[in-house]
Amino acid sequence: MTRPIVQVERVSKSYRIGGLHPGYVTFREMFGEMVAGPLRRLRGGAQRRASSQTIWALRDVTFDVRPGETVGFVGRNGAGKSTLLKILSRVTKPTSGEAALYGRVGSLLEVGTGFHPDLTGRENVFLNGAILGMRREETSRKFDEIVAFSEIEQFIDTPVKFYSSGMYVRLAFSVAAHLEPEILIMDEVLAVGDAAFQQKCLDKMNDIRREGRTIFFVSHDTAAVTRLCRRALFLERGQVVADGPAQEVVGEYLSANWQTGAERTWAEREAPGNEVARLRRLRVCDERGETAAVADIRRPVRVEVTYEVLRDGSVLLPHVEVYNEEGAHLFSTHDTSAEWRRAPRPAGTYTSAVEIPGNLLPEGTLLAYASLVSHFPATALHAGERDGVAFHVVDPQTGDTARGDYAGPVAGA
C-alpha cells in the first residue's frame with residue numbers, strides 16, 4: 001500500500017476571543033506596566049478572565065489521505081473546515097497535533113490568496129510559481145496557458161488591486177490548477193465567478209483528478225462535492241463525525257442539516273391527523289425497497305406514505321409534494337388508482353408509493369411532504385406533515401447517465 005501523501009494526527013486549534021490586541025507601547029508605558037501590573041492583575045484578574053475565553057475550532061482531528069484521492073469537506077459554517085485547510089496550507093499552526101504533507105501544495109483559500117496587490121497579474125503568476133518551488137522556466141512554459149484559461153489577457157499587466165473579485169478568482173484558480181502541485185487545496189472556489197467560468201473550473205478539476213493529483217475541496221454546494229469527490233469528511237463543532245464515501249457522508253450531513261432524514265415514523269399519539277385518518281410513516285426508498293437517503297440520479301426512487309384509516313366510509317387520497325432545497329415546488333402527485341378513486345376505504349392501514357423514474361430529477365437535496373385529503377363528497381384535509389423527509393440526488397458520472405460527458409450542474413428544476 002502506498003504511503004499517505006497527507007497525514008493528520010490529533011490536530012487541534014484554539015483561539016482566544018474577547019480580548020483586544022494591546023497594540024504597540026512605548027518604553028515608558030512598558031516600564032509603568034511592569035511596576036503597576038502586579039497590583040492591577042490582583043484587582044482585575046477575575047474580570048479579565050471573564051471577558052475572554054478560549055474556543056476550539058478543531059479538536060483531535062485525525063485522518064490520512066492517499067495520493068490521487070479527491071476529498072470533500074462538508075459541514076455548517078463554523079464547523080472548522082476553513083481552519084483545517086489553513087493548517088494544511090501552512091497559513092496557521094495547530095495548537096496541538098501534527099499535519100504532515102509530502103508534496104508541493106497549491107492553495108486557493110479565499111479571494112486574493114497569495115497575491116500581492118501592488119504587483120501585476122503577470123508578476124503574481126511568477127510569484128506564485130516561486131512560492132510553489134517552480135523554476136522560472138517552468139512557470140514561463142505554463143504562462144500562456146494560465147492566462148488563456150483565466151480569460152483576463154487584457155488586464156494581465158494591471159496591478160491586481162484593481163481587479164474585481166471575479167478576476168481575482170479567475171487568475172488565482174488558473175495559477176493553482178496549472179502550476180501542477182501534488183496537493184491542491186480549494187475552499188469555496190466556485191462561490192465567486194459566473195456560471196461559464198464555474199463550469200471551466202469543474203472541468204479542470206476533473207482533469208486534475210484524472211491525472212492522479214490529490215485534491216481537498218470545501219464547498220456548500222453538496223452536488224459539486226458528490227460529483228467531484230469519492231470521499232468526504234463531515235465536520236461538526238471542530239470534530240470529524242463521518243468519514244467515508246462522498247454520497248453517504250453528504251447524505252448524513254444533509255440529514256443533520258435539515259433535521260430530517262429519509263424516514264419518519266409517528267407513534268399513535270403523535271401521528272398527524274384527525275378522527276378520520278392519521279399518517280404513520282413517510283420514507284424514501286430505492287427500487288429494492290430499502291430506505292435511501294442518497295439516490296443515484298440514474299435509478300428510480302420511491303416516496304412511500306403509510307397511513308391509518310380510523311373510520312369507515314371516507315374517500316381518501318394521499319398527496320405527496322416535492323420541493324428543492326431553495327423551496328421551489330417541483331411537483332405534486334396523488335393516488336389516482338382506479339380501485340380507490342371514489343371508493344370509501346374500510347378502516348385499516350394502507351401504503352401508497354410515488355415512483356420517480358431515473359434520469360429525471362436534478363442533483364441536489366429534495367424534500368417530500370405528505371398529506372391526506374378527501375375530495376368526495378366534499379374537500380377536506382385530514383392529515384398533513386410539512387416537516388417531511390429529505391433525500392439527496394447525486395450523479396456519479398459513471399455508466400449510462402443523461403448527463404453524458406457534461407461535467408457541470410444541470411439547469412432547471
Side-chain angles (χ1 to χ4, degrees), residues 248 251-252 254-325 327-361 365-393 413:
E248 297 177 10
E252 187 171 340
L254 291 169
S255 296
N257 198 36
W258 287 100
Q259 298 182 341
T260 184
E263 181 174 3
R264 294 197 67 187
T265 304
W266 294 276
E268 185 173 351
R269 293 184 178 180
E270 302 170 347
N274 56 18
E275 69 281 358
V276 176
R278 294 181 182 274
L279 292 171
R280 298 308 298 267
R281 186 174 73 166
L282 181 63
R283 75 172 184 135
V284 182
C285 58
D286 58 23
E287 54 195 328
R288 297 171 297 178
E290 297 179 1
T291 302
V294 178
D296 188 321
I297 200 170
R298 303 166 298 177
R299 311 303 306 166
V301 60
R302 293 161 58 92
V303 180
E304 290 186 351
V305 183
T306 300
Y307 56 99
E308 186 177 9
V309 177
L310 304 176
R311 190 172 69 191
D312 293 338
S314 297
V315 178
L316 293 173
L317 291 177
H319 279 245
V320 171
E321 302 172 46
V322 177
Y323 295 78
N324 66 14
E325 54 194 311
H329 188 182
L330 302 189
F331 65 85
S332 297
T333 183
H334 59 272
D335 190 342
T336 58
S337 60
E339 181 182 4
W340 299 110
R341 187 174 180 184
R342 293 193 176 184
R345 295 180 189 259
T349 301
Y350 300 81
T351 296
S352 293
V354 180
E355 181 165 308
I356 306 168
N359 282 324
L360 175 68
L361 297 172
T365 304
L366 301 180
L367 294 97
Y369 304 150
S371 59
L372 297 173
V373 300
S374 58
H375 292 300
F376 182 82
T379 299
L381 173 66
H382 300 289
E385 183 52 47
R386 301 298 296 177
D387 296 327
V389 290
F391 62 105
H392 191 63
V393 180

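Worth saying up front: this structure is predicted, and the values here are computed from it rather than measured.
- Rounded to the nearest 0.5 Å, atoms CD (Glu275) and OG (Ser314) are 9.0 Å apart.
- Across every non-hydrogen atom of Leu316 and Pro318, the tightest pair is O-CD, 4.0 Å.
- The salt bridge (Lys or Arg N to Asp or Glu O under 4.0 Å) contacts involving residues 305-314 comprise Arg280-Glu308, where partners must be two or more places apart or lie in separate chains.
- Distance CZ/Phe391 to CD1/Ile356: 5.0 Å, rounded to 0.5 Å.
- Two residues are said to be in side-chain contact when any heavy atoms from C-beta on lie closer than 4.5 Å; Val284 and Leu366 fail this criterion.
- Judged as a ring-ring contact (aromatic ring centres under 6.0 Å, His included), not a single pair has a partner in residues 273-295 (not counting sequence neighbours).
- Taking Thr291 as the reference, Glu263, Arg283 meet the side chain to side chain donor-acceptor pair (under 3.5 Å) condition, with sequence neighbours excluded.
- Contact record, Cys285 with Val301: O-CG2, 3.6 Å, taken as the closest heavy-atom pair.
- In this view, Glu385 and Arg264 satisfy the salt bridge (Lys or Arg N to Asp or Glu O under 4.0 Å) rule, not counting sequence neighbours.
- Between Pro272 and Gly384, the closest heavy-atom pair is CB-O, 3.7 Å.
- Contact detail for Leu279 and Ala370: the closest heavy-atom pair is CD1-O, 4.0 Å.
- Residues satisfying the salt bridge (Lys or Arg N to Asp or Glu O under 4.0 Å) test with Glu287, not counting sequence neighbours, are Arg299.
- With sequence neighbours excluded, the residues forming a side-chain contact (heavy atoms from CB on, under 4.5 Å) with Val294 are Gln247, Val394, listed by chain and number.
- Identified under the ring-ring contact (aromatic ring centres under 6.0 Å, His included) test for residues 270-297, with sequence neighbours left out: none.
- Listed by chain and number, the residues in a side-chain contact (heavy atoms from CB on, under 4.5 Å) with His319 are Leu317, His334, Ser371, Val373, His375 (sequence neighbours excluded).
- Ring-plane geometry between His329 and Tyr323 is classed as parallel, the angle between the planes falling under 30 degrees on a 0 to 90 degree scale with a further cut at 60.
- By the salt bridge (Lys or Arg N to Asp or Glu O under 4.0 Å) test, Asp286 pairs with Arg288, sequence neighbours left out.
- Around CD of Glu290, the count of heavy atoms belonging to other residues, nucleotides or ligands within 6.0 Å exceeds 12.
- The CG atom of Leu310 lies 9.0 Å from the OG1 atom of Thr349; values are rounded to the nearest 0.5 Å.
- Listed by first and then second residue, the ring-ring contact (aromatic ring centres under 6.0 Å, His included) pairs involving residues 294-314 are Tyr307-Tyr350 (not counting sequence neighbours).
- Residue Asp296 holds its CG atom at 11.5 Å from NE2 of His392, rounded to the nearest 0.5 Å.
- Remark: His382 engages no residue in a ring pair (Phe, Tyr, Trp, His ring centres under 6.0 Å) (not counting sequence neighbours).
- Scanning both residues, Asn274 and Leu381, for their nearest heavy atoms gives ND2-O, 4.2 Å.
- Under the 4.5 Å side-chain criterion, counting only non-hydrogen atoms from C-beta, Trp266 is in contact with Leu282.
- Among residues two or more places apart in sequence or in another chain, the salt bridge (Lys or Arg N to Asp or Glu O under 4.0 Å) test is passed with Arg386 by Glu321.
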